[in-house]
Every structure is written in structure tokens, then in C-alpha cells.
There are 2 protein chains.
Amino acid sequence: MSKRSVTIVDIAEAAGVSIATVSNVLNRRNVPMSEETIRKVEDTAKQLGYRRNVMAANLSRQKSYELGLIVPSFTGYYGQFAEEMERKANEHGYHMSVFSAGGMKPEMEKRHLEMLLSRRVDGLFCHGLAMSHESTRAVVSDGTPLVLFNGWGWPADIALAAVNLDFAGGSLEAVRHLVQQGCQSLVYVGRSKALEVNGQRLAGFKKGVEQYGGDLPVMLLDITDCAADRIVDEVIRSSLHETQPIGILVFDDYAALSVMSAALKRGLRVPDQVKISGINNDPLSTACYPALTTLDIAYDLQADIAIGKMLERLEEKPFHMPDASMDTGGQEIHIPMKLIQRESSGANVPTL
Amino acid sequence: MSKRSVTIVDIAEAAGVSIATVSNVLNRRNVPMSEETIRKVEDTAKQLGYRRNVMAANLSRQKSYELGLIVPSFTGYYGQFAEEMERKANEHGYHMSVFSAGGMKPEMEKRHLEMLLSRRVDGLFCHGLAMSHESTRAVVSDGTPLVLFNGWGWPADIALAAVNLDFAGGSLEAVRHLVQQGCQSLVYVGRSKALEVNGQRLAGFKKGVEQYGGDLPVMLLDITDCAADRIVDEVIRSSLHETQPIGILVFDDYAALSVMSAALKRGLRVPDQVKISGINNDPLSTACYPALTTLDIAYDLQADIAIGKMLERLEEKPFHMPDASMDTGGQEIHIPMKLIQRESSGANVPTL
DNA sequence: CTGAAAGCGCTTACAG
DNA sequence: CTGAAAGCGCTTACAG
């Protein structure tokens, strides 16, 4: 049933020309050709239902036109980013192979990397954090260009660039906002497992406290999956509870929703007594009630720059930053985050 | 900088054997070989840092070991499914190329399909709904095996199988549950743009009303992005408002959260006055307050069967259904959905 | 047990 | 403007 597919040999025979000519016509190079051959070849190609075999073409051209992207997972933040990256790569004639490392599992990451290198991808995009040193060495020694995203403090010679979300700047801004809204104490609820991505937020939070916090009481907490209830209990038991409203910056919108739910469950009024800010501007931040203040992430900007840096290397095209102010000259590029204020919705309190 | 990579020719020379032998050793076929050659080849391969060129191998074998998956989007439901599919394919030695059709855009779907067929993927997994007839014809006429997911009523000769979530059965169950919880009226909030996926839910809802609803008043509504507020307004204005609690089944958890939020905003108590059930068992259904009752989706079961059906065709391996009861004999396979009850959390009412 | 040779489907100088 | 030929890196009968 699976008939051998049509090749340029078939077309050449049917059209009475050489396979070189067929190839020339079908790829419209700068080679001059007669109108008639062009028409003849194109027609028979269409008639025979020809579809180019990309594997063969790539093998011959010594280029795969395939790019690899390894994200920690497909859910939430990274799913959106991956979708954006895929679209952008397509626009430039590349194929993007996306893999999830199953939540930063080094062995999965390694398997995918090996596979990608075996396929001779032209370039690789990796999460700067999840990358093990071993994996990195494999990539680098292979000579495959690498662009990191959300990777801080990597040696400059390893990657073409590190395109990072400015979690620190965003968190700073969030603290400023909470203080401005009258918060009398400040809490950061982080996720230590997220390592540097958490560290950046924390650094921004601390800087914010320093700059805007005066001598407001501060508390640092860590949320391990679903422990939002305990987080809130700790806040309630603490002295912070006496000086309301309490301002809480949470690792991401999902965790922020959990924290808010736990607060509501315990009878706290949001945002009267507790003001919460998430991070990511996930759709859920507006679907919940009250809606969450959050930090918006410019996925497409991040994707634009990551792809741009890669193509700059792969093709000749020099790449110019969409926003000149972002060009720090170094290899680490920071994507700004924007605060989305959503304090409007009324407060909320449980009934029984 | 990008040194030509090591090939089997290099290994052959260094080890003093033929490339055929190198290939034989590296692929451990049933060909008998001397221990010594094996060792020699393996050692030099390692030494030279050889990595097989999959493009070349595949071209030669006339097989790509690549599978294509086209989902409507990477977010929510389909992101999880894609991740599962990818993992499963890897387990069986295949590479899964996942593409998002940007929310069922036919032209994107077509572009991806063309690309996938050009790469000579061994098999294709497509959303049964988004597939245009034109695209389908291209796949079928190419002889590439196709497995549909969430596609109802397709002609049997087009795909190997259609692996569908049993939205109808799940919705039926949800209605039974709402009635059992004492609901005095029933509402279905659908998303008509989702076509058949919505239709299946609606059918299940109606059947549920028939079987368990007695003569309870019923209302059918449609949610266009973010119009949850208006949905709730309509319910409040209707006569349903007089006979509480109202039971609402919503298209998915995200929309269910929006509806719940809108209800809370208007002062309705959940779940006292309004009982809501979502679909998908998304993490957010437990992060919100009150937590949402929902229908769990067995992604990995769906992925198992989809991949199983494909491999049954691609390799010899006969595939046996994980659950014999699901084998309806036909090509349409239904993945059961399980109700997750979360009525426990206390009710909720806005303050001002 | 090992190797010479043909072949996978295309591209790309190069010669005409 | 067109085509013969070499080559991309591997696999696979087949002969020894």
C-alpha cells in the first residue's frame, strides 16, 4: 500500500531532463533556466505529486535546518515560550524540535540532547539552569551553537547568548507597588527548588525591601508543592498579622492563587488585609477572584531575541536588538517584566 | 571552528576495518563478529567522539523513526498530552515532532503537515477535529499512517484509529453527581467554537438530564472568551435563581474558574447556592477556593493507546488494549473520564 | 567473521 | 541554459 514516493528521478524521466535540472528548478537558485524547462518540470512535479525528501536534501547540503529546544516542561510558562519559538523558527525556514526534560531531570535532558546532536541540529536552545555541565560539554565540543534562556552567570565562551527574563527587576517593581499600596509588611513566597530562577526573584525582592521598604517587617517563606495552607498559617501566627495589610509576592501565578485561596479559607480579606502579587500573567490570574496583580512576561520578545542571536550565527544576517536599551554589550540579555495591577475587584471573605 | 564531525569512515581507517564492519558493530545486528573487532571499533569510536548521523542512517534505511503530532495548542490539556506522547515515543525509539496549529488554524496545520510529510515521518497523530479534508487527503494519499485523537465520526478507512476522550460519558456522570448533591436546576456552559469536543459534552449533559434530571429546569449557555460575567448574569436573571442550588457543568476547569469567580463576585455562595463542575482536573482546580469538582483525564492511557495503535502498524508488535473493556472492535476508542469530587471546602461570599 | 559495492534522494561545482 | 558525476554518511544484501 505504501507506494514508494516520487523522487526527482521520476520527474526527470517524465519531463525528459536531468535530475540536476529538476533540482535546479525546484529550488530556484540563481541558475538561469529556460521558461519552458521550468514550466515542464513544475508541471510534472505537481502531476506526480512530488514532495521533496528533506532528509536527503539536508544530508546533501550538510545542514539540517532543524533547531532543538529543551524546556523543563510543556506546562505553563514554558509551553507558551515553546510555541512562540516554534513559530518564529518556522518563519525563518527552520524546524523546531521541542523536548521537555520532565521537570529538569538531568538524565532526560541528556537523552534528548544526544538525540538532537545525532540529528545534527544546526543550533540548540536550552534552559540555562537545567543544563548539566556534562551536557554542556557535549554540546560545546560538538561545535553546535548554543543559546541559553534563563541562565545566569554562565562563562561567556559557552553560549552565543543568555536571554533572561528580568525576574529581579520585576520583583523589585512588585515590591515598590505593594509598598505604594500601603502594605505594612512584606512577604516573599519562593520555590527554592527552582534554584536561580527563584534566586533572581528573591534578590529583586530584597533590593525592593531595601529601596522602598523602610523598616517594614519582612518574612521569607518557601512553598513546596501545595503547602500554601501552611504558608498562610505561618504568616498568621507571625507578628506580621498585627500590621495589615500584608503584601505578599509569590513565585508564580499558580502558587499565588494557592496562597490567596489559603488566605481566603482562613477568613482573611483580599486585598484589604492581604495584597498578593503573582508572576507570569497567566490566564488564571484574571480568571480567579479577586483577580491577581502579576508581572507580565514578554515571551515573544524573548523568543525573538533568542532566535535572532541564533540566526545571526547560522546565516550572515546581523541581528539588531528590538530595543536598543537592552543591549548591554555582554552576552546576558535581560527581558523586562511589566507589572499588571489588578486591585480593582472587591474584597472577599468566606462565609462560615 | 565547526570541525567536520567524525564519520564511520574515520573510525574504519583508525581501526583498520571496513565501514561495513563499523556499521555492523555499532548497530549490533545479528551478524556474528569477533570479540576483538567489536572492542577495537567501539574503542576508537569512543576515542574519536563519534556520533551517528541520524539523517544519513534514516535515509539509508528508508525510515525516519520520526513521528509527527499536531495539537491545537501547547497550553493546558494538549500540552500535557503532547508531553506524554513524546515520552512514550522516545521509549520506543522514535522521535516525536510536536507542532501547535495555533488554535486550530487550518493554514498552520497545513504548513506543519507539509513539513512533516517532507521529513517523511513514519506516522502522524492529529487532532480529529482540526483536520481539514484537504490535509487529510494529503496524508492519506501519501500512505502515511494516521491516528486521530478526539475525532468523532470519521470514515473508518482514513485512520488506524481514533482515540477519543469520553467527554459524553464524563458529562453524564457529572450531571448525575450534581443531581445527587441536591441541585434543583442544571446549567451547561459550553464553548461552541470547540465544535465536536463541545458537542460530546453537550450530548452527555442532555443524556444526564434525561436520565437523572427528572423535570428540573435546564439552561444551555455558551461562553465566548472571558464572558463569564455575562453567563452568571443570565443565570441570575432566569427563573433558575429561585430554585437553588443551581448545578453548573462548565466546558473546562479554566472556564469553570471564571464562572465561579463571576458567581462569587455577584454574592452567590459556592457551593451552597451554586455547585460547579469543571473538566480536566487541571492543577488550578485544586489551587482555587473553593476547589472545583472536575473530571479527570487519563492522558497517559490515551497516549498509550494512540502510540500502541501506531506501533502495531509500524512494527509487527500486535497491540493489546490495556483495558479489555475498551475494545469496542471498531476504530473509535473511548478513554473513560473519572469524576473528582471536591465539595468539601467551605462556602464563600464577597464582603462588600 | 569481514569487506566491496550498490543504493537511499538529493545538491553542487564544473564542463559543455 | 543543461547534464554527468561526485559526494553527503550511512545500511544492507551478497560474495568471499
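Computed from a predicted model, the values in this text were never measured in an experiment. All heavy atoms count here, side chains included; hydrogens, waters and symmetry mates do not. In what follows, chains carry the letters A, B, and so on, assigned in the order in which the sequence lines appear, proteins first and then strands, with residues in each chain numbered from 1.
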Mind calculating the distance between [atom1] ([X]) and [atom2] ([N]) to the nearest angstrom?
X         : N       : atom1 : atom2 : value
Glu36(B)  : dT2(C)  : CD    : C1'   : 13 Å
Arg120(B) : dG9(C)  : CZ    : P     : 9 Å
Asn53(A)  : dG7(C)  : CG    : C1'   : 14 Å
Asp122(A) : dC8(D)  : CG    : P     : 18 Å
Asn30(B)  : dC1(C)  : CG    : C1'   : 14 Å
Gln62(A)  : dC10(D) : CD    : P     : 10 Å
Asp10(A)  : dG9(C)  : CG    : P     : 9 Å
Leu59(A)  : dC10(D) : CG    : P     : 9 Å

Under 4.0 Å between any heavy atoms, over every strand shown, what does Val54(A) touch: base, sugar-phosphate, or nothing? Just pick one.
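Val54(A): no heavy atom of the nucleic acid under 4.0 Å.
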
What I want to find out is whether [X] reaches [Y] closely enough, with some N-O distance under 4.0 Å, to be called a salt bridge.
X         : Y         : result
Lys110(A) : Glu114(A) : no
Glu83(A)  : Arg87(A)  : no
Arg111(B) : Glu86(A)  : no

Below the 4.0 Å mark, does dG3(C) have OP1 or OP2 next to a side-chain nitrogen or oxygen of Thr21(B)?
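For dG3(C), OP1 or OP2 has a side-chain N or O of Thr21(B) closer than 4.0 Å.
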
Is any side-chain N or O of Ser34(A) closer than 4.0 Å to OP1 or OP2 of dT2(D)?
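Result: yes.
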
Please check if the side chain of Asn150(A) supplies one atom and the backbone of Gly128(A) the other of a donor-acceptor pair under 3.5 Å.
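Checked: no pair found.
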
Give a yes or no answer on whether the side chain of Glu332(A) reaches the backbone of Trp152(A) with a donor-acceptor pair at less than 3.5 Å.
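No.
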
Residue matched to dA4(C) through Watson-Crick or wobble contacts both under 3.5 angstrom
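Looking at the geometry, dA4(C) pairs with no nucleotide.
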
G-U wobble or Watson-Crick pairing nucleotide for dA13(C) (cut-off 3.5 Å, both distances)
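Because no pair has both required distances under 3.5 Å, dA13(C) counts as unpaired.
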
Protein-nucleotides 11-13 of chain C N/O pairs under 3.5 Å:
| residue | atom | partner | partner atom | Å |
| --- | --- | --- | --- | --- |
| dT11(C) | OP1 | Asn27(A) | ND2 | 3.2 |
| dT11(C) | OP1 | Arg52(A) | NE | 3.2 |
| dT11(C) | OP1 | Arg52(A) | NH2 | 2.6 |
| dT11(C) | OP2 | Ser23(A) | OG | 2.5 |
| dT11(C) | OP2 | Asn27(A) | ND2 | 3.0 |
| dT11(C) | O4' | Ser60(A) | OG | 2.6 |

So, Phe74(A) versus Tyr78(B), ring centres under 6.0 angstrom or not?
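Ring centres of Tyr78(B) and Phe74(A) not closer than 6.0 Å.
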
My understanding is that only one of Tyr77(A), Tyr299(A), Phe81(A) makes a ring-ring contact (aromatic ring centres under 6.0 Å, His included) with Phe149(A); could you say which?
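Exactly one candidate clears the test, Phe81(A).
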
Among dG3(C), dC1(D), dA4(D), which nucleotide has an atom closest to any side-chain atom of Thr37(A)?
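Side chain of Thr37(A) sits closest to dC1(D).
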
